[in-house]
**Student:** 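Structure below; questions to follow.
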There are 2 protein chains.
Amino acid sequence: MSETTEPSDDKYPLRSVGRALDVLQALGAGSGNGMSVGEIAEAIGVSRSTAFTLLQTMVARGFVADTRIGGARLYRLGLTLVHLGDRAVAEMGITQIATPILQQLTDATQLTSRLAVLDDGYAVAIGRVDAPGPFRMTASLGRRELPHCSSVGKSLLARLPSEQVMAILTRLGMPRRTEHTLTSQAALIADLRETAARGYAFDNEEDNIGVVCVGAAVYDRTGDAVAAISVTCMKLGRSEDDLHQLGSAVRAYADRISLLLGGPAHSALPPLA
Amino acid sequence: MSETTEPSDDKYPLRSVGRALDVLQALGAGSGNGMSVGEIAEAIGVSRSTAFTLLQTMVARGFVADTRIGGARLYRLGLTLVHLGDRAVAEMGITQIATPILQQLTDATQLTSRLAVLDDGYAVAIGRVDAPGPFRMTASLGRRELPHCSSVGKSLLARLPSEQVMAILTRLGMPRRTEHTLTSQAALIADLRETAARGYAFDNEEDNIGVVCVGAAVYDRTGDAVAAISVTCMKLGRSEDDLHQLGSAVRAYADRISLLLGGPAHSALPPLA
DNA sequence: GATAATGTTCGGCTATGCAGAACAACGTTC
DNA sequence: GAACGTTGTTCTGCATAGCCGAACATTATC
């Protein structure tokens, strides 16, 4: 997985600020073993001295941590970011309510479960309970994921008016991730209709071969889908029936969260506008 | 809790970057309901137009999220920060190993448990498992906390050579937080000696009246205290004996994490240098 | 010990980012 | 419903903050 951090064409008002953010994203995309000044400079396309100055200011504030190792310095993401990320999640409110239910869902299914919201059209996970055991299924938080090949994305899109869905899909595109990815708006909207009817969504190897996710939406007082939850598992040896059974289980847990928010269960939803 | 975000005397190389980071910290310290351009401008001490430009660049990158509400705009922390915070924690490695044990500790004690490391002398939580029930004991992640009045802080300091401890204490100061806070280096070092001997540390209403924490250090292959765990509870009606019993329980769970890291249990530690 | 590969500092030119004021879009009040 | 106040947004010009390249310092490598 060689993610290249593109120097994000600085057409933004504040160049130095943009570059500072580039540094953070480069460190976030990096191998995790830290980066040297030179590496960072190259990654964001500036001179070493510029990168150095950027890093200095961010280290002073705890946004970047540095560790000297002999004459060299390695830079990594600082813990201030942990704090801000935690605050950002806390401000969303849903997380505290949902996490215990996610834990129950993971206990019941032995699968990694996630909580996600729609952000600017993207599906973004804001909570997670890892499956027991050393399985290390990469479930990162806060990363923007395309909604058309994600169970939480589809759960959330399913309750949106189709003009809005089409606007989002047009804006973000529907790139093919696997041979099962739905790449036409018509196909996806048909899938969303089914999803809305049954109350749970599938990602059937549409994002990664061999991996399936099952998601269901969470509704607040106003009946809007404000979030979605999902579980992730291996396709290997699971029948259609198994997946549908999993689906109604996930939907049941989602309904429990909706209940805590004062929202309706899926079965009590008003029809789509 | 009226935390004022001081405009952090811009004596840093890059002014605009420093201000951008100020904006993030202001949003993090804010009420959580979002802030307007004007509020932010005032908080960090710049003109409205400057704040506006700063916000624009950060919104474009997802570091800040904006929500229009009528003609007004409210800014809050963006989800990109969640991603970076998650990456920062993931890069520390310990978290994945420790979290299941923290969960067990919380299950066994019904108390909120935390995992923390020493960062620049400060104690910083990087993992947390909340107690069941709606108790809302504020346990924020990633915030720098003074080590002299924290059970995790004291657990970590206890295994450091006393010159280093004194250097840290001198640098950070030992402000009085409650009537029980240890405010002299001599008193704290005596406490640390006891802590090192028994393998668990107390914060006995030293940070907040009515709240006690019990912590224990986690050791890696090299025998260094790389992290510490703790539980937090109300003082109300707990005897000395109860707390010591809790202490040896926390120590036992910390030892389990050390074991997973290939490090020694507390009882197998070499004597201090 | 010489060479290479870093990290760090310096200085000068330029473009950048700053503030303040003008403009626009709302909400509010009488 | 019109005048006002408030807040978000754009504009413009000047000063300086920030960028690069090159020199210097430091540490690994052979």
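What you are looking at is a predicted structure, and each value in this text was computed from that prediction instead of being measured.
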**Student:** Taking atom P of C:dA19 as reference, at what distance in whole Å does atom CD of B:E42 sit?
**Tutor:**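 In whole Å, C:dA19 P and B:E42 CD are 14 Å from each other.
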
**Student:** Sugar-phosphate means primed atoms, P, OP1 and OP2; the rest is base. With that split, encode nucleotides 4-9 of chain C 5' to 3' as B, S or - using protein heavy atoms under 4.0 Å.
**Tutor:** ---BBB

**Student:** Which whole-number value in Å describes the distance from A:R15 CZ to C:dA15 P?
**Tutor:**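 Distance, rounded to whole Å: 10 Å.
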
**Student:** Ignoring hydrogens and geometry, is there a side-chain-to-backbone donor-acceptor pair from B:D86 to A:L141 under 3.5 Å?
**Tutor:**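 Such a contact is found between B:D86 side chain and A:L141 backbone.
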
**Student:** Whole angstroms only, please: what is the CG-P distance between B:L14 and C:dA15?
**Tutor:**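 So the two atoms are 18 Å apart, to the nearest Å.
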
**Student:** Whole-Å distance between D:dT27 C1' and A:I69 CD1?
**Tutor:**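 Rounding to the nearest Å, CD1 of A:I69 and C1' of D:dT27 are 13 Å apart.
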
**Student:** Kindly calculate the angle separating the two end axes of the helix from C:dG1-D:dC30 to C:dC30-D:dG1, each obtained from five base pairs, and round it to 10 degrees.
**Tutor:**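 Angle reported: 40°, given to the nearest ten degrees.
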
**Student:** Of all the heavy-atom pairs spanning B:L54 and B:S16, show the shortest one and how long it is.
**Tutor:**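 Distance-wise, the nearest heavy atoms are CD2-O, 3.7 Å.
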
**Student:** To the nearest angstrom, how far is B:L55 atom CG from D:dG8 atom C1'?
**Tutor:**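 Nearest whole value for this atom pair: 11 Å.
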
**Student:** CZ of B:R87 to CZ of A:R143: how many Å apart, nearest 0.5 Å?
**Tutor:**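 The distance works out to 9.0 Å.
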
**Student:** Report yes or no: do A:Q25 and B:T80 form a side-chain donor-acceptor pair below 3.5 Å?
**Tutor:**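 Absent: no donor and acceptor within the cut-off.
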
**Student:** Considering non-hydrogen atoms only, spot the tightest contact between A:I189 and A:S162 and give its length.
**Tutor:**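 For A:I189 and A:S162, the tightest heavy-atom pair comes out as CD1-CB, 4.3 Å.
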
**Student:** Can you tell me if B:S150 uses its side chain to pair, donor with acceptor, with the backbone of B:L146 under 3.5 Å?
**Tutor:**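 No, B:S150 side chain to B:L146 backbone: no donor-acceptor pair under 3.5 Å.
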
**Student:** Whole-Å distance between C:dC18 C1' and B:D22 CG?
**Tutor:**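 To the nearest whole Å, that distance equals 16 Å.
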
**Student:** For the backbone of B:T67 and the side chain of B:R76, can you confirm whether one donor and one acceptor N or O come within less than 3.5 Å of each other?
**Tutor:**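 Looks like no, no N/O pair under 3.5 Å.
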
**Student:** What integer distance in Å separates B:L74:CG from C:dC26:C1'?
**Tutor:**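 Between C1' of C:dC26 and CG of B:L74: 15 Å.
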
**Student:** When we call it a touch if two heavy atoms are under 4.0 Å apart, what does B:S47 touch: a base, just sugar-phosphate, or nothing?
**Tutor:**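 It contacts base atoms.
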
**Student:** What closest approach, in Å, do A:G34 and A:L74 show between heavy atoms, and which atom pair accounts for it?
**Tutor:**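 Answer, listing the atom of A:G34 first, then A:L74: C-CD2, 4.2 Å.
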
**Student:** Atom CE of A:M58 to atom P of D:dG18: distance rounded to whole Å?
**Tutor:**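 Those two atoms, CE and P, are 14 Å apart.
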
**Student:** Of all the heavy-atom pairs spanning A:S140 and A:R128, show the shortest one and how long it is.
**Tutor:**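 Between these two residues, the closest heavy atoms are CA-NH1, 4.0 Å.
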
